[in-house]
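Worksheet for the structure shown next.
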Amino acid sequence: QVQLVESGGGLVQAGGSLRLSCAASGGTFSIYAMGWFRQAPGKEREFVAAVSRTGGSTDYADSVKGRFTISRDNAKNTVYLQMNSLKPEDTAVYYCAADYSPHLTYTSTSAYAYDYWGQGTQVTVSS
């Protein structure tokens with residue numbers, strides 16, 4: 001059983017930055033690929049970014065590419081999402097998720113692939 005706890009959300013102006021953190025416990029962190037997803041009111045949950053077990057491979061949604069950076073620190077059992085140049089359309093609840101992976105380079109963009117989810121943290125970007 002893996003527990004994930006997000007933090008770092010808040011209210012920022014358009015063009016600002018936030019860094020989200022997701023702390024994992026209850027499992028072997030390094031065997032999981034990690035992802036970030038977001039869900040705005042009335043919309044489906046969408047993929048944001050993913051990182052492989054060692055951090056060597058990443059994947060991003062087109063809407064955030066060049067603005068967001070996903071990273072992980074396996075020594076701290078933590079995955080991060082650095083969000084720059086924020087836009088009002090980035091407003092959503094952001095969730096981290098863990099996906100068991102037997103390969104170092106594995107990532108998934110599908111929410112259905114992930115086994116464990118955090119509770120979410122609210123990000124609001126004002127115009």
Side-chain angles (χ1 to χ4, degrees):
Q1 197 78 15
V2 175
Q3 294 81 46
L4 304 172
V5 179
E6 303 97 332
S7 62
L11 174 64
V12 298
Q13 294 185 35
S17 297
L18 283 173
R19 189 179 76 159
L20 306 184
S21 298
C22 175
S25 62
T28 304
F29 185 65
S30 61
I31 68 173
Y32 294 94
M34 300 295 296
W36 286 96
F37 292 77
R38 66 188 183 187
Q39 189 165 23
K43 299 185 68 176
E44 71 278 7
R45 188 167 298 186
E46 67 173 347
F47 169 76
V48 176
V51 62
S52 61
R53 289 170 57 185
T54 65
S57 298
T58 58
D59 197 9
Y60 297 93
D62 288 343
S63 59
V64 307
K65 195 170 298 182
R67 300 187 297 120
F68 291 11
T69 302
I70 188 171
S71 62
R72 67 191 294 161
D73 186 341
N74 286 351
K76 296 182 178 179
N77 288 359
T78 301
V79 62
Y80 305 95
L81 185 68
Q82 178 67 47
M83 305 185 294
N84 298 327
S85 302
L86 283 162
K87 305 174 181 179
E89 52 263 45
D90 295 318
T91 295
V93 177
Y94 283 70
Y95 299 90
C96 68
D99 181 12
Y100 172 75
S101 173
H103 300 291
L104 294 177
T105 60
Y106 169 86
T107 59
S108 178
T109 63
S110 173
Y112 298 103
Y114 289 83
D115 302 299
Y116 303 100
W117 293 83
Q119 83 290 343
T121 186
Q122 177 71 47
V123 172
T124 302
V125 184
S126 62
S127 60

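What you see is a predicted model; the values in this text were computed from it and never measured.
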> Any donor-acceptor pair under 3.5 Å linking the side chain of Asn77 with the backbone of Gly27?
Replying inline: no
> How far apart are the C-alpha atoms of Val123 and Met83, what are their side-chain angles, what is the distance that settles it, and do they pass the side chain to side chain contact (heavy atoms under 4.5 Å, CB included) test?
Replying inline: CA-CA 10 Å; Val123 172; Met83 305 185 294; 3.8 Å; yes
>> What's the separation between atom CG in Asp90 and atom OG in Ser63, rounded to the nearest 0.5 Å?
In response: 7.0 Å
> Any idea which heavy atoms bring Leu20 and Tyr94 closest together, and the distance?
Replying inline: CD1-CB, 3.5 Å
> If only atom types and distance count, is the side chain of Glu6 paired as donor or acceptor with the main-chain N or O of Gly120 below 3.5 Å?
Replying inline: yes
> Is a donor on one side and an acceptor on the other found under 3.5 Å between the side chain of Arg19 and the backbone of Gln82?
Replying inline: no
> Can Lys65 and Asp62 be said to form a salt bridge (Lys or Arg N to Asp or Glu O under 4.0 Å), step by step?
Replying inline: CA-CA 5 Å; Lys65 195 170 298 182; Asp62 288 343; 3.4 Å; yes
> Stepwise, does the side chain to side chain contact (heavy atoms under 4.5 Å, CB included) test hold for Gln122 with Leu11?
Replying inline: CA-CA 8 Å; Gln122 177 71 47; Leu11 174 64; over 6 Å; no
> To the nearest 0.5 Å, what is the distance between CH2 (Trp117) and CG (Asp99)?
Replying inline: 9.5 Å
> Checking Thr107 side chain against Ser52 main chain: does a donor-acceptor pair fall under 3.5 Å?
Replying inline: no
> How long is the span from the CE atom in Met34 to the CD1 atom in Ile70, to the nearest 0.5 Å?
Replying inline: 7.5 Å
> Does Gly9 offer a backbone N or O that forms a donor-acceptor pair with the side chain of Thr121 under 3.5 Å?
Replying inline: yes
>> Count I, L, V, M, F, W, Y as connected when their side-chain heavy atoms are under 4.5 Å apart, and connections chain through other members. Are Val12 and Leu81 then in the same cluster?
In response: yes
> Which heavy atom of Ser108 sits nearest a heavy atom of Tyr114, and at what distance?
Replying inline: O-OH, 2.6 Å
>> So does Tyr95 get a backbone contact from the side chain of Arg45, meaning a donor-acceptor N/O pair under 3.5 Å?
In response: no
> Just by modelled atom types, is the Tyr100 backbone N or O under 3.5 Å from a matching donor or acceptor in the Asp115 side chain?
Replying inline: yes
> So which heavy atom on Phe47 is nearest to which on Ala61, and how close?
Replying inline: O-CB, 3.4 Å
> How many angstroms lie between atom CZ of Arg38 and atom CD of Glu89, to the nearest 0.5 angstrom?
Replying inline: 8.0 Å
> What's the shortest heavy-atom distance between Ser127 and Pro88, and which atoms?
Replying inline: CB-CG, 3.8 Å
> Which pair of non-hydrogen atoms, one from Ala33 and one from Arg72, has the smallest distance, and what is that distance?
Replying inline: CA-NH1, 3.9 Å
>> Whether the side chain of Thr28 engages the backbone of Ser30 through a donor-acceptor N/O pair (distance < 3.5 Å, no angle test) should be reported.
In response: no
> Hey, what do you get for CG (Leu4) to OG1 (Thr78), rounding to the nearest 0.5 Å?
Replying inline: 10.5 Å
>> For a quick test of reading the model, state the closest non-hydrogen atom pair linking Phe29 to Ala24 and the distance between them.
In response: CD1-CB, 3.5 Å
>> Between Trp36 and Phe68, is the side chain to side chain contact (heavy atoms under 4.5 Å, CB included) condition met? List the steps.
In response: CA-CA 11 Å; Trp36 286 96; Phe68 291 11; over 6 Å; no
> Side chains of Asp73 and Tyr80: do they bring a donor and an acceptor to under 3.5 Å?
Replying inline: no
